[in-house]
Undergrad: 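For reference, the structure I am asking about is given below.
This chain uses plain numbering: 1 for the first residue, then up along the sequence.
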Amino acid sequence: MEWRDLLFMHWPVRSASLARCLPGGVDLDTFEGQAWLGVLPFAVTGFRPRGIPLGLSYGQVNVRTYVRVNGVPGIWTFSLDAASGFSVLGARWLYCLPYFAADIHLHAREGWLQFGSVRRSDVRRACALMYRPVGRVFHAHPGTLEYWLTERRVLFTVGWNGGLWREDVQHEPWPLQRAEIRELSCTLHEPLGLLTLGVPLAHYARVVRVRGWPPKVAAGSAP
């Protein structure tokens, strides 16, 4: 599949508040002592499980933070709202990821990308904004905050057996640009009880090609 017109929005949040949202065995990761909460709207195109010839395209928005499990850095996703019932059901049953069905649009408007998402099971959980890239394309360097926030290839979740699972993905380095945002309204993170203040740190990526693999038990966790 491809992820297109992806926007990374990140807010610094209190580490103690964010750590309380994580299950046992999952350690909050920080950059120079600071924890971060991310909200990522984007479009999925050509999503195709192996062996199925036709691909799906739909909008999605993820709420996530950054963690370590037995020393392995990765992503912890609190919610994934997607405009594809097939993907929502498949990801919930096969990958145990917290997907939710949503009505989502993403389209260009007067030089901006306009995104809107409303969760079908709870219309209070929504996200709307306009964004656009600014400046040159760059690849983040190891040791920088941009690299720490974006260049991760492991997702962790709690599996059906109650143990921790890891799910690996592969893609090329993010072709990042700085991003400009306006008319932002987002309530997806409110159930976490986290305080986000001010304009988020924002980066844009036009497209990356992504491959994923079935989940496996995270090393050192309960079988």
Side-chain angles (χ1 to χ4, degrees), residues 1-15 17-19 21-22 26-45 59-69 71-81 106 111-115 117 127 129-156 166-184 186 188-189 192 194-212:
M1 61 182 163
E2 293 181 338
W3 293 340
R4 291 183 170 272
D5 293 321
L6 187 143
L7 179 69
F8 292 94
M9 293 188 289
H10 286 103
W11 289 265
V13 295
R14 292 184 57 193
S15 297
S17 299
L18 190 50
C21 301
L22 300 173
V26 178
D27 299 319
L28 181 66
D29 201 2
T30 63
F31 184 85
E32 297 180 351
Q34 178 63 64
W36 292 82
L37 180 74
V39 177
L40 286 69
F42 60 102
V44 177
T45 60
Q60 184 165 313
V61 55
N62 301 348
V63 179
R64 73 186 202 179
T65 193
Y66 306 100
V67 299
R68 287 182 177 266
V69 174
V72 177
I75 296 166
W76 186 267
T77 307
F78 296 109
S79 65
L80 307 93
D81 287 53
L106 175 59
W112 293 78
L113 290 160
Q114 187 168 32
F115 179 90
S117 174
C127 185
L129 71 153
M130 298 179 70
Y131 62 97
R132 65 182 179 185
V134 293
R136 62 177 181 84
V137 176
F138 68 96
H139 292 110
H141 295 293
T144 63
L145 175 59
E146 289 86 355
Y147 187 94
W148 186 89
L149 289 170
T150 62
E151 294 295 344
R152 296 184 180 231
R153 304 291 191 274
V154 179
L155 290 77
F156 294 104
R166 64 174 285 173
E167 295 150 16
D168 295 89
V169 298
Q170 179 185 24
H171 57 76
E172 63 267 35
W174 289 103
L176 297 175
Q177 293 174 263
R178 300 289 181 182
E180 184 178 356
I181 298 172
R182 71 182 192 188
E183 300 179 15
L184 172 61
C186 186
L188 294 172
H189 64 285
L192 301 173
L194 300 172
L195 180 63
T196 56
L197 296 174
V199 178
L201 179 65
H203 297 88
Y204 169 88
R206 189 180 70 84
V207 61
V208 294
R209 296 172 179 84
V210 183
R211 296 179 65 192

Undergrad: For residues Pro41 and Leu106, determine if any side-chain heavy atom of one lies less than 4.5 Å from a side-chain heavy atom of the other.
TA: no
Undergrad: To the nearest 0.5 Å, what is the distance between CG on Leu6 and OH on Tyr204?
TA: 9.0 Å
Undergrad: Decide, yes or no, whether a salt bridge links Asp27 with Arg68 under the criterion of side-chain N to carboxylate O below 4.0 Å.
TA: no
Undergrad: Has Gln177 got a side-chain atom pairing as donor or acceptor with Gly135's backbone, closer than 3.5 angstrom?
TA: yes
Undergrad: Are Val69 and Val154 close enough that some pair of their side-chain heavy atoms sits under 4.5 Å apart?
TA: no
Undergrad: If you compare all heavy atoms of Leu194 against all heavy atoms of Cys21, which two are closest, and at what distance to 0.1 Å?
TA: CD2-SG, 4.4 Å
Undergrad: How long is the span from the OG atom in Ser79 to the CG atom in Leu192, to the nearest 0.5 Å?
TA: 7.5 Å
Undergrad: Roughly how far, to the nearest 0.5 Å, is the CE atom of Met130 from the CD1 atom of Ile181?
TA: 12.0 Å
Undergrad: Where is the tightest heavy-atom contact between Val134 and Ala179, given as atom of each residue plus distance?
TA: CG2-N, 4.1 Å
Undergrad: With no hydrogens and no angle check, just 3.5 Å: does a side-chain donor-acceptor pair link Arg178 and His203?
TA: yes
Undergrad: May I have the step-by-step check of side-chain contact (heavy atoms from CB on, under 4.5 Å) for Leu40 and Arg64, ending in yes or no?
TA: CA-CA 8 Å; Leu40 286 69; Arg64 73 186 202 179; 3.8 Å; yes
Undergrad: Hey, what do you get for CZ (Phe115) to CG (Leu129), rounding to the nearest 0.5 Å?
TA: 7.5 Å
Undergrad: Taking all heavy atoms of Asp29 and all of Pro73, pick out the closest pair and write down the distance.
TA: OD2-CB, 4.3 Å
Undergrad: Nearest 0.5 Å, please: how far is NE2 in His171 from CZ in Arg153?
TA: 4.0 Å
Undergrad: Check Ser15 against Leu28 and note the closest heavy-atom contact, atom names and distance.
TA: O-CD2, 3.4 Å
Undergrad: Answer whether the closest heavy-atom distance between the side chains of Gln170 and Glu172 falls below 4.5 Å.
TA: no
Undergrad: For a quick test of reading the model, state the closest non-hydrogen atom pair linking Ala202 to Leu7 and the distance between them.
TA: CB-CD1, 4.3 Å
Undergrad: Given side chains that start at C-beta, do those of Leu201 and Leu145 come closer than 4.5 Å, heavy atoms only?
TA: yes
Undergrad: Can you confirm whether or not the ring centre of Phe31 sits under 6.0 Å from the ring centre of His10?
TA: no
Undergrad: Heavy atoms only: give me the nearest Pro173-Val208 pair and the separation to one decimal.
TA: O-CG1, 4.4 Å
Undergrad: Got a donor-acceptor contact below 3.5 angstrom from the Trp11 side chain to the Gly198 backbone?
TA: yes
Undergrad: Strictly distance-based, threshold 3.5 Å: is any side-chain N or O of Trp174 a donor or acceptor partner for the main-chain N or O of Thr150?
TA: yes
Undergrad: Test Phe156 against every option in Leu22, Val72, Ile75 by the side-chain contact (heavy atoms from CB on, under 4.5 Å) rule and name the one that passes.
TA: Val72
Undergrad: The test is side-chain contact (heavy atoms from CB on, under 4.5 Å); show your working for Val44 and Trp3 and say whether it passes.
TA: CA-CA 5 Å; Val44 177; Trp3 293 340; 4.0 Å; yes
Undergrad: So, the side chain of Gln34 versus the backbone of Arg14: is there a donor-acceptor pair under 3.5 Å, distance only?
TA: no
Undergrad: What verdict does the side-chain contact (heavy atoms from CB on, under 4.5 Å) test give for Leu184 and Met9, after you've listed the backbone C-alpha separation in whole Å, the side-chain angles of each residue and the deciding distance to 0.1 Å?
TA: CA-CA 11 Å; Leu184 172 61; Met9 293 188 289; 4.1 Å; yes
Undergrad: Roughly how far, to the nearest 0.5 Å, is the CG atom of Leu176 from the CD atom of Glu146?
TA: 7.5 Å
Undergrad: Can any side-chain N or O of Arg132 pair as donor or acceptor with the backbone N or O of Leu113 at less than 3.5 Å?
TA: no
Undergrad: Do Thr77 and Leu155 make a side-chain contact, defined as non-hydrogen atoms from C-beta onward lying under 4.5 Å apart?
TA: yes
Undergrad: Can Trp36 and Leu149 be said to form a side-chain contact (heavy atoms from CB on, under 4.5 Å), step by step?
TA: CA-CA 8 Å; Trp36 292 82; Leu149 289 170; 3.9 Å; yes
Undergrad: Is the shortest side-chain heavy-atom distance between Glu180 and Trp112 below 4.5 Å?
TA: yes
Undergrad: Would the distance check show the side chain of Arg152 and the main-chain N or O of Gly74 forming a donor-acceptor pair, the cut-off being under 3.5 Å?
TA: yes
